[in-house]
> 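Dumping the structure here so I can ask a few things about it.
Because only heavy atoms are used, hydrogens play no part in the values below, and waters and symmetry mates are left out as well, while side chains stay in. In this text, all values refer to a predicted model and were calculated from it rather than measured experimentally. Both counts, for ligands and for their atoms, begin at 1 and track the order of listing.
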Amino acid sequence: MIKDNVISNNVQNIEISGIRKFFNKVVNYPDAISLTLGQPDFNVPEKIKEAMIQAINENKTTYTSNAGIVELREEISKYLKTQHINYDKDEICITIGGSEGLMDVFAALLNPSDKVLIPTPAYPAYESCVKLIGGEVVNYNLNEDFSINFKELENLINKEKPKVIVVSYPCNPTGAILSGEDNNKLHKIIKNNEIIVISDEMYSSLCFEDQYYSIAQFDDIRDKVIAVGGFSKMFSMTGLRIGYVCAVERFMNAIMKVHQYNVSCAASIVQWAACEGFKSCMEDVEYMRREFIRRRDYLYNRFIKMGFESNVPMGAFYMFPAIKKFNMKSEEFCERLLKEAGVAAVPGSAFGIGGEGYMRISYAYSMEQLKEASDRIEEFIKKLK
Ligand SMILES: Cc1ncc(COP(=O)(O)O)c(C=O)c1O
């Protein structure tokens, strides 16, 4: 007989993502409009599909090098340079989505009980990955506009002596971006402290300002920064599972060990497809960015007119309006919104304690769906008043 308690303590310590949990409930309401998912509603650009088919036909279906095909790593390196981020092809490892990248990085860095500063609210995987590996999560709160609260951050660094800090802009779930001024402040803190930054740049192609800021842009702290990126959002290829990690050699050697024993390499044909994306599909990327700005404008204006308080999302494709004034927990609010109004949004609490009092609306949906959902939400909150 196998004992009851066979599951590892670390796994028992984490839960299934609140986003998925809520998404599973939505299935029971077939007429509901779901604004829950974090994936663009655009098809994969044609040239990317063609390149993938061509790779199959040319039998490019064997293992690639662990780090991934040189051609793609060179394209990523060139692309990052346009964002003033300098990583050479040998400092880039192609992963199975940013998800694998994040897990590899945490596994490469953390010993049991090492502390990791994670913003709240944040993408839930950070906290779960850290716990899975046995690290200790220390949350840092954000300002009202979801920018970094530097005073609190400095206090926490002095008090808790964390090994790692996760920085995540453009942000899922808030849509906030890193300003130039905050980037400089962060740089100073990283420079003056013994701490490693994991910068999640998954939405870097979806920044609505002309200028993109990232902590990975400072060459003098390259030895303290690891950047994680990917193509799920950039090329709308969520299901094709491809991303990348960038880091200096010292980190990369360790990350590569985890990556190698975990997956060997990312899917060969998808690597060729992403490579073609850089060569032929940057206009598609720009089209999607503009379309998201148009939808953001529509949704934001509707919500403000309804009386919601919200920051203006400046990147990614999420809005994170406050629902505190309705005197309900975010879970209850979203349950009622689903049952009574037929609109699904993710409760802010799914993104950690800092998300309570908010809901996440994804606007990776058509204008028609956004309009209908807004009408339904308007009716719903009228009844609540
Ligand atoms: C902030 C953030 N980072 C990383 C990921 C992982 O993306 P993927 O594994 O699809 O590349 C996501 C996915 O939603 C995300 O929102």
Side-chain angles (χ1 to χ4, degrees), residues 16-23 34-42 44 48 68 72 76 79 92-107 116 118-130 132 142 146 165-178 197-207 212 214-216 226-246 259 262-263 266-267 270-271 273-274 277 285 288 292 313-320 346 348 350-352 354-355 360-365:
I16 296 292
S17 151
I19 308 175
R20 277 283 153 188
K21 255 198 227 164
F22 204 79
F23 181 68
S34 171
L35 305 182
T36 55
L37 279 190
Q39 60 183 353
D41 58 322
F42 302 101
V44 177
I48 292 184
L72 176 56
I76 294 170
Y79 171 70
I92 296 170
C93 171
I94 312 296
T95 56
I96 300 192
S99 303
E100 192 233 329
L102 285 169
M103 186 63 101
D104 289 354
V105 174
F106 286 123
V116 181
I118 295 179
T120 182
Y123 177 55
Y126 310 136
E127 197 155 325
S128 298
C129 288
V130 169
L132 207 52
L142 302 172
F146 305 115
I165 175 173
V166 176
V167 174
S168 184
Y169 291 107
C171 177
N172 170 12
T174 67
I177 58 170
L178 188 65
V197 191
I198 301 176
S199 182
D200 184 337
E201 316 252 337
M202 189 54 60
Y203 295 89
S204 68
S205 64
L206 289 173
C207 173
Y212 179 67
S214 155
I215 192 67
I226 299 172
V228 177
F231 305 113
S232 286
K233 324 289 168 167
M234 181 175 178
F235 293 141
S236 188
M237 50 198 287
T238 49
L240 296 173
R241 313 304 306 124
I242 183 156
Y244 56 90
V245 175
C246 309
H259 170 72
N262 197 8
V263 302
V270 184
Q271 293 188 50
V285 175
M288 290 189 264
F292 283 129
M314 294 306 293
F317 39 66
Y318 308 103
M319 192 162 96
F320 207 56
V346 184
F351 303 94
R360 188 191 77 172
I361 309 256
S362 161
Y363 49 91
Y365 292 89

> Taking the side chain as every heavy atom from C-beta outward, state whether Ile198 and Ile165 have any pair of such atoms under 4.5 Å apart.
no
> How does Tyr203 reach ligand 1, if at all, at less than 4.0 Å between non-hydrogen atoms: by side chain, backbone, both, or neither?
side chain
> Which pair of non-hydrogen atoms, one from Met234 and one from Met288, has the smallest distance, and what is that distance?
O-CE, 3.4 Å
> What residue and atom, counting heavy atoms only, is the protein's closest point to atom 7 (O) of ligand 1, and at what distance?
Met202 CE, 3.8 Å
> Show the nearest heavy-atom pair for residues Tyr203 and Ala316, with the distance to one decimal.
CD2-CB, 3.5 Å
> Heavy atoms only, cut-off 4.0 Å: how does Ser99 contact ligand 1, side chain, backbone, both, or neither?
both
> Under 4.0 Å from any heavy atom of Tyr126, which atoms of ligand 1 are there?
1 (C)
> So, does Thr238 use its side chain to make a donor-acceptor pair with the main chain of Ser232 at under 3.5 Å?
no
> Using a 3.5 Å cut-off on N or O atoms only, is Ser168 in polar contact with ligand 1?
no
> Run the side-chain contact (heavy atoms from CB on, under 4.5 Å) test on Tyr212 and Ser205 for me, step by step, so that the C-alpha distance in whole Å, both residues' side-chain angles and the decisive distance to 0.1 Å come before the verdict.
CA-CA 9 Å; Tyr212 179 67; Ser205 64; over 6 Å; no
> Do Ser128 and Tyr123 make a side-chain contact, defined as non-hydrogen atoms from C-beta onward lying under 4.5 Å apart?
no
> Which atom names give the shortest non-hydrogen contact between Lys233 and Gly38, and what distance separates them?
NZ-O, 2.6 Å
> Please work out which of Asn172, Ile19, Asp200, Ile96 has its closest non-hydrogen atom nearest to atom 2 (C) of ligand 1.
Asp200
> Which of the numbered atoms in ligand 1 are under 4.0 angstrom from any heavy atom belonging to Gly97?
9 (O), 11 (O)
> Against heavy atoms of Lys233, which atoms of ligand 1 measure under 4.0 Å?
13 (C), 14 (O)
> Specify the protein heavy atom at minimum distance from atom 10 (O) of ligand 1: its residue, its atom name, and the distance to 0.1 Å.
Ser232 OG, 2.6 Å
> Starting from the C-alpha separation in whole Å, work towards a yes-or-no answer on side-chain contact (heavy atoms from CB on, under 4.5 Å) for Leu72 and Ile94.
CA-CA 8 Å; Leu72 176 56; Ile94 312 296; 3.6 Å; yes
> So which protein heavy atom does atom 11 (O) of ligand 1 come closest to, and at what separation?
Gly98 N, 2.6 Å
> Run the numbers for me: atoms of ligand 1, each under 4.0 Å from some heavy atom of Arg241, listed by number.
8 (P), 9 (O), 10 (O)
